[in-house]
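First comes the structure, then the notes that go with it.
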Amino acid sequence: QVQLVESGGGSVQAGGSLRLSCAASIYTASSVCMVWFRQAPGKEREGVAAIASDGSTRYEESVKGRFTISKDNGKNILYLQMSSLKPEDTAVYYCAASSIPFCGGSWFWPDEYNNWGQGTQVTVSS
């Protein structure tokens, strides 16, 4: 079972930036699709960004141009650089690991993933 540990959350003002990290316990970042999800209070968990084993990326429409997903295969760490943050970005952010190398058309569905981190809180104030 892959262990995923997120870090880097915090409180920022609108327009600010944060970088989230997700450390994987085994060689995951280089071999499977990895995804950042978020869940705001009272809302369903939603996919934010995904990166495949070949480095190709996908983004949820509302974060395009503001968030960047990346990974360090050598360190086995997944990142999410978040800029121009908005109050509506406030949520608990989770990383998840797939069991396949590519991020398919359903990459944003939480049910596609069995391996999850514990989450890190991001709060953006106006």
Side-chain angles (χ1 to χ4, degrees):
Q1 183 78 4
V2 176
Q3 289 188 330
L4 303 171
V5 180
E6 301 97 335
S7 61
S11 297
V12 296
Q13 290 190 330
S17 299
L18 281 173
R19 188 177 79 159
L20 306 183
S21 299
C22 172
S25 61
I26 60 176
Y27 297 119
T28 299
S30 62
S31 60
V32 297
C33 171
M34 296 194 72
V35 184
W36 284 102
F37 284 83
R38 65 185 178 187
Q39 188 166 19
K43 295 188 177 181
E44 294 184 352
R45 192 169 297 191
E46 63 174 356
V48 174
I51 186 165
S53 61
D54 66 358
S56 57
T57 58
R58 297 193 178 205
Y59 293 94
E60 191 270 329
E61 194 63 33
S62 70
V63 306
K64 284 183 179 178
R66 300 190 299 121
F67 290 11
T68 302
I69 189 171
S70 63
K71 58 181 179 173
D72 185 325
N73 289 337
K75 296 181 179 179
N76 217 24
I77 297 177
L78 178 72
Y79 299 104
L80 185 67
Q81 178 68 48
M82 306 185 294
S83 302
S84 302
L85 282 162
K86 303 176 182 180
E88 51 264 44
D89 295 318
T90 295
V92 177
Y93 283 71
Y94 300 88
C95 64
S98 174
S99 58
I100 57 177
F102 59 90
C103 303
S106 58
W107 67 268
F108 49 87
W109 290 350
D111 289 349
E112 295 286 309
Y113 305 91
N114 294 320
N115 298 300
W116 294 88
Q118 83 289 350
T120 186
Q121 176 71 47
V122 172
T123 303
V124 184
S125 58
S126 58

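Predicted model only: the values in this text are computed from it and were never measured. Numbers here simply count residues along the sequence, with the first being 1.
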Applying a strict under-4.5 Å side-chain criterion to I, L, V, M, F, W and Y, I'd like to know whether [X] and [Y] cluster together.
{"X": "L85", "Y": "Y79", "value": "no"}
{"X": "V124", "Y": "V48", "value": "yes"}
{"X": "V32", "Y": "I100", "value": "no"}
{"X": "V12", "Y": "V92", "value": "no"}

At what distance, to the nearest 0.5 angstrom, does [atom1] of [X] lie from [atom2] of [Y]?
{"X": "D54", "Y": "C103", "atom1": "CG", "atom2": "SG", "answer": "8.0 Å"}
{"X": "D89", "Y": "T123", "atom1": "CG", "atom2": "OG1", "answer": "11.0 Å"}
{"X": "T120", "Y": "L80", "atom1": "OG1", "atom2": "CG", "answer": "11.0 Å"}
{"X": "S25", "Y": "N115", "atom1": "OG", "atom2": "CG", "answer": "8.5 Å"}
{"X": "C95", "Y": "K71", "atom1": "SG", "atom2": "NZ", "answer": "13.5 Å"}

Give me the atom names and distance for the closest heavy-atom approach of [X] to [Y].
{"X": "C33", "Y": "F102", "value": "CB-O, 3.4 Å"}
{"X": "L4", "Y": "Q118", "value": "O-OE1, 3.7 Å"}
{"X": "M34", "Y": "I69", "value": "O-CD1, 3.9 Å"}
{"X": "R38", "Y": "E60", "value": "NH2-OE1, 4.1 Å"}
{"X": "V2", "Y": "A24", "value": "CG1-CB, 4.5 Å"}
{"X": "P101", "Y": "A52", "value": "O-CB, 3.4 Å"}

Check whether [X] reaches the backbone of [Y] with its side chain - one donor and one acceptor, N or O, closer than 3.5 Å.
{"X": "E6", "Y": "L20", "value": "no"}
{"X": "Y94", "Y": "V35", "value": "no"}
{"X": "Q81", "Y": "R19", "value": "no"}

Original post:
Within 45° of the six-membered ring axis of F108 and under 6.0 Å from that ring's centre, is NZ or CZ of R58 located there?
Top reply: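 Not flagged: R58 not positioned over aromatic ring of F108.
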
Subject >> Under the side chain to side chain contact (heavy atoms under 4.5 Å, CB included) test, residues paired with N114 that sit two or more places apart >> reply: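 Per chain and number, N114 pairs via side chain to side chain contact (heavy atoms under 4.5 Å, CB included) with no residue.
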
**OP:** Before giving the answer on side-chain contact (heavy atoms from CB on, under 4.5 Å), spell out for M82 and R66 the whole-Å C-alpha distance, their side-chain angles and the decisive distance to 0.1 Å.
**Re:** CA-CA 6 Å; M82 306 185 294; R66 300 190 299 121; over 6 Å; no

**OP:** Evaluate side-chain contact (heavy atoms from CB on, under 4.5 Å) for Q121 paired with T90, printing each intermediate quantity in order.
**Re:** CA-CA 8 Å; Q121 176 71 47; T90 295; 4.0 Å; yes

Original post:
How are the rings of F37 and W116 set to each other: parallel, tilted or perpendicular (split at 30° and 60°)?
Top reply: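 Geometry flag for W116 against F37: tilted rings.
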
**OP:** Would you sort out whether T68 and Y59 count as a side-chain contact (heavy atoms from CB on, under 4.5 Å), showing the intermediate values?
**Re:** CA-CA 8 Å; T68 302; Y59 293 94; 3.8 Å; yes

Original post:
Can the ring centres of W36 and F67 be said to be less than 6.0 Å apart?
Top reply: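 Aromatic pair excluded; centres sit 6.0 Å or further apart.
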
